[in-house]
Amino acid sequence: MENVSTNGVLTHLSQLEVRARSPGGPETQRSRVKELRAEAEELRGLREQLKAEIRALKDPCFRQHLQELRSSADPRPSEDPPLLQMMCRQLDLKDLLHGHHLIGGLDAVQTRQGRAVCVSLQTTYEGVFLETFNLELELKPRVRIGRHNIPPFVPLQSLAEQSRLQTDPGAFLSTLSQHLNAFVGRRRQLQLVKEQHASVEVMESNLPCSILVLLFTAQTEKAAVLCTLEYSDHGSRLPGRVVLDCEDKQLLKSPEWRSCCATLMKTPVHRALARMKKSSLIL
Amino acid sequence: MLTQHKQLAQLQTRCQTPEEDMQSFRNFPAPSSSSGGVLWRMAHIVEENKLTLTHLAELEMIHAMENPNQGMWYTFQLLEPENDAQSVELTQFKQQFKCHLSELLRQMSVKIKKHTDEAVWIRIALGSSFSKPNHLKPTYVVHYLQTPYVFVRNLTSKLKPLLSQALTLATRHQGVKEANLSGRNLTSIRDLLMRQYQQVFPTKYRSPPEEEDQPVLNQHIEKEQGGVAAHRRHMAHQAFGDGMLPQLQSAVYMLDTKFRDPNNRTMTEREETFKCVVKFSSIDLLESLRSCASSGIASAPVTPLLSSIPLKGRNYFVVTDNTPGPSSQGHQTQN
């Protein structure tokens, strides 16, 4: 192998030497110069041609003429590419995602090279951002719930079946977001009751904050009133049922207490209690 | 230890019969050893304040509730809730549970208390048809209403079917099965199942850059291996989570698969499956698995066999050839 390479390089060098020393040297050089001159002429001609084309395109009436030609021509299917369609669709989807982010606090991100989507759901109550929950949805072979950090008392499987996760994941996500927002809202209401109304004693509550039992003292006769709030619909921040209990049955039959029962069904607990305190119904 | 046990038993008998002569108790000689001395002083306090066994049981329960990370806790899962399972409240649960359990057992003592973190603690001391309840070995049951999980400590085989029945009826479910999660720390296994530890999810916003907690030792190594190490760390965090992890002590895999090893032909050629048990033990299992993955000892991305521990919330798996990963059945054939 060494011989071949030395043969190649060294013989080439010796050939060059011979050519340089030979009498036909300047002639070969002259022919080469002629070739190069011809090539230069050719390139100059091409340059002139291109300059003419640019001048023509810049000319407005020529451009108009060209546009007329373009519009009259049939829109060939290959010219309106599926690429453009996909780009439009992608922009639409981006706008839709942005809309979801602004209104519903829903963000989605593709993971694992498009095989899964990670959705993060933000929860708020009364304008304050509270927790963020995350849920991974696996897309292939069919839409399935992957890992998540949603507490176990939120019935994910039954929500998925109800809103038919396979065909309409958007509906499932909006129902889930509603449930989570409701849970976080109820929990925040309980916190506010404990903070703002120290005179009201919380007798019982549970993890999903769906049952609340409060004890307050009525202003008249300082009687103790036990109030049970049942949030039977876990997707709601307002109770489904309010039960008031007192030793003095007559007290509860008065119109103020009846209206306060109605208030508790319609307004969040902490605000209802503030209203009741203001109207001197309770201590 | 045995003498202490004997002394406790004597204390128990003393408390059960307060009207008996406490004179003989006063004649009880003060033992010389320090542990015996504590017990003697305790017995004296009990006698002075006329405490009964119920008071002592209550004290023991308060102690257990304040120190939940003792003993070995096993998890059960309630199945198929009825329509009104979501509206079971505490008084209803207490009534139903005590009622159902007392139907099945005669001699027993049940106490139910609610902890501040919404947990319902149940203390059950069983006796037999001939003896009073044995308060030295009570069973503790912890349940959060409206969640499907029940944590049990010191369950005896006699109590197990009765407890299952009482729990399903009181919580309005249709069945209960083993959840294949056990550990010494009640708070840890609860956090694992309630998903209250910090997990890492991919978001569209970039996460803040990680703090440099270790000084860069060698610039060249950092240049070559920095990206790879960061990727491994990221995979480990995705599988196991960020921050403090719940403390588990062990993970057990029962393998019932065909032996596969290209270097060992005799074992690979056998028809029958190879049965073996693999057990990982540690003071803090999830933390050690996470550092294995981030340091490269375990391959990244983390194998689903290991990442199933936090994902499915169990540390007992049965792996067979039919399933690609850990199967979802427990070691007992229950649904």
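Just so it is clear: chains get the letters A, B, ... in the order the sequence lines come, proteins before strands, and each one is counted from 1.
Considering all non-hydrogen atoms of both residues, L190(A) and C209(A) come closest at CD2-SG, 4.3 Å. In plain terms, the two heavy atoms of M265(A) and G240(A) that are nearest each other are CE-O, 3.7 Å. The nearest pair of heavy atoms linking P208(A) to L145(B) is CD-O, 4.2 Å.
A side-chain donor-acceptor contact under 3.5 Å links Y253(B) to the backbone of L305(B). Without hydrogens or angle criteria, W73(B) side chain to V141(B) main chain gives no donor-acceptor distance under 3.5 Å.
For the options P151(A), P155(A), C118(A), heavy-atom pairs under 4.5 Å to chain B are most numerous at C118(A). For the set L207(A), L135(A), V119(A), the count of heavy-atom pairs under 4.5 angstrom toward chain B peaks at L207(A). Taking chain B as the reference chain and counting heavy-atom pairs below 4.5 Å, the highest number among P152(A), A108(A), G146(A) is found for P152(A).
Between F153(A) and F183(A), the distance separating the two ring centers is shorter than 6.0 angstrom.
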Between chain B and chain A, which N/O donor-acceptor pairs sit under 3.5 Å?
{"residue": "Q86(B)", "atom": "OE1", "partner": "H234(A)", "partner atom": "NE2", "Å": "3.4"}
{"residue": "L90(B)", "atom": "N", "partner": "E204(A)", "partner atom": "OE2", "Å": "3.0"}
{"residue": "K114(B)", "atom": "NZ", "partner": "S205(A)", "partner atom": "O", "Å": "2.8"}
{"residue": "E118(B)", "atom": "OE1", "partner": "S205(A)", "partner atom": "OG", "Å": "3.3"}
{"residue": "E118(B)", "atom": "OE2", "partner": "S205(A)", "partner atom": "OG", "Å": "2.7"}
{"residue": "Q146(B)", "atom": "OE1", "partner": "N206(A)", "partner atom": "ND2", "Å": "2.3"}
{"residue": "V200(B)", "atom": "O", "partner": "R147(A)", "partner atom": "NH1", "Å": "3.3"}
{"residue": "V200(B)", "atom": "O", "partner": "R147(A)", "partner atom": "NH2", "Å": "2.7"}
{"residue": "K204(B)", "atom": "NZ", "partner": "D107(A)", "partner atom": "OD1", "Å": "3.4"}
{"residue": "Y205(B)", "atom": "OH", "partner": "H101(A)", "partner atom": "NE2", "Å": "3.4"}
{"residue": "Q238(B)", "atom": "O", "partner": "R147(A)", "partner atom": "NH1", "Å": "3.2"}

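Heavy atoms closer than 4.5 Å to chain A are found in both the backbone and the side chain of P202(B). In this structure, chain B has a heavy atom under 4.5 Å from the side chain of I211(A), while its backbone stays farther away. For L90(B), the parts lying near chain A are the backbone and the side chain together; criterion is any non-hydrogen pair under 4.5 Å.
A heavy-atom distance below 4.5 Å is not found between the side chains of L214(A) and V225(A).
Each of I189(B), N185(B), L192(B), L193(B) was compared with P246(B) under the side chain to side chain contact (heavy atoms under 4.5 Å, CB included) criterion, and only L192(B) meets it.
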Which is it for V184(A) and F133(A) under the side-chain contact (heavy atoms from CB on, under 4.5 Å) test, yes or no, and what are the steps along the way? CA-CA 11 Å; V184(A) 159; F133(A) 295 97; 4.0 Å; yes
